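Comments concern the structure below.
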Amino acid sequence: QVQLVESGGGLVQAGGSLRLSCVASGSIVSINHMGWYRQAPGKQRDLVADITSGGSTNYADSVKGRFTISRDNAKNTVYLQMNSLKPEDSAVYYCKSGLVSSGSVIGYLELWGQGTLVTVSS
């Protein structure tokens with residue numbers, strides 16, 4: 001079974017930093033894009049940042065200059081380094097990936113992780 005598992009969320013004061021990780025595991029042939037989305041209570045889930053297999057990145061305007069997305073293809077892992085955190089960054093952060101699986105479901109899949117909570121106190 002292919003799955004995404006996030007870690008690294010927690011409580012931090014404004015101005016602090018956190019690093020999120022997301023590992024893709026299971027019968028994976030290849031991974032296309034990997035990214036991070038976030039959803040605050042009562043709001044829609046929005047893109048934070050994503051990265052292609054070639055390393056091209058895309059960021060939401062609200063996090064440019066503060067967040068950095070990176071990936072380790074050998075470990076099937078994507079990271080989100082979050083600096084200068086603000087209370088408005090508080091949300092559940094979800095990992096998303098498009099990948100090709102050779103497991104019980106063969107072919108291209110779009111998967112979501114279970115989410116990790118980030119809370120930034122003022």
Side-chain angles (χ1 to χ4, degrees):
Q1 180 181 357
V2 180
Q3 60 179 353
L4 304 177
V5 178
E6 302 106 329
S7 61
L11 174 64
V12 64
Q13 288 188 333
S17 298
L18 282 175
R19 189 193 195 205
L20 306 183
S21 300
C22 171
V23 181
S25 63
S27 301
I28 298 170
V29 175
S30 62
I31 299 177
N32 185 359
H33 62 87
M34 302 187 82
W36 292 94
Y37 290 70
R38 67 186 181 188
Q39 186 169 22
K43 296 189 176 181
Q44 66 181 19
R45 189 175 298 186
D46 291 324
L47 174 71
V48 176
D50 62 16
I51 184 168
T52 67
S53 57
S56 297
T57 58
N58 178 45
Y59 294 92
D61 288 342
S62 60
V63 306
K64 284 180 180 177
R66 300 187 299 122
F67 291 11
T68 302
I69 189 170
S70 61
R71 62 189 282 176
D72 185 332
N73 291 330
K75 296 181 179 179
N76 290 342
T77 301
V78 63
Y79 305 97
L80 186 68
Q81 178 66 44
M82 304 186 294
N83 298 328
S84 302
L85 282 161
K86 305 175 182 179
E88 51 264 42
D89 294 318
S90 297
V92 178
Y93 283 70
Y94 295 91
C95 177
K96 183 182 179 184
S97 179
L99 54 85
V100 177
S101 170
S102 61
S104 57
V105 178
I106 298 174
Y108 185 79
L109 302 175
E110 289 276 351
L111 296 179
W112 290 91
Q114 81 286 354
T116 185
L117 179 63
V118 172
T119 303
V120 184
S121 63
S122 57

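Note that the structure is a prediction, hence the values are computed from the model and not measured.
For Val105, the side chain to side chain contact (heavy atoms under 4.5 Å, CB included) test picks out Leu109, with sequence neighbours left out. With sequence neighbours excluded, the residues forming a side chain to side chain contact (heavy atoms under 4.5 Å, CB included) with Asn58 are Leu47, Asp50, listed by chain and number. Residues passing the side chain to side chain contact (heavy atoms under 4.5 Å, CB included) test with Ser25, sequence neighbours excluded: Gln3. With sequence neighbours left out, Asn83 forms a side chain to side chain contact (heavy atoms under 4.5 Å, CB included) with Ser17, Gln81.
Among residues at least two apart or in separate chains, disulfide bond (SG atoms under 2.5 Å apart) pairs with a member in residues 13-96 are Cys22-Cys95. Within the structure, the disulfide bond (SG atoms under 2.5 Å apart) test picks out no pair touching residues 48-77 (sequence neighbours left out). Annotation: side-chain hydrogen bond (donor to acceptor under 3.5 Å, both in side chains) contacts involving residues 109-118, sequence neighbours excluded, comprise Glu6-Gln114, His33-Glu110, Tyr108-Glu110. For residues 45-82, there are no ring-ring contact (aromatic ring centres under 6.0 Å, His included) pairs, not counting sequence neighbours. Applying the side-chain hydrogen bond (donor to acceptor under 3.5 Å, both in side chains) test to residues at least two apart or on different chains, the pairs with a partner in residues 34-43 are Arg38-Ser62, Arg38-Asp89, Arg38-Tyr93, Gln39-Arg45. Sequence neighbours left out, not one pair with a member in residues 44-92 passes disulfide bond (SG atoms under 2.5 Å apart). For residues 24-75, there are no disulfide bond (SG atoms under 2.5 Å apart) pairs, not counting sequence neighbours. Residue pairs meeting the salt bridge (charged side-chain N to carboxylate O under 4.0 Å, His left out) criterion with at least one partner in residues 8-34, sequence neighbours excluded, are absent.
Test Asn32, Asn76, Val29, Ile31 against Leu99 for side chain to side chain contact (heavy atoms under 4.5 Å, CB included) and you get one pass: Ile31.
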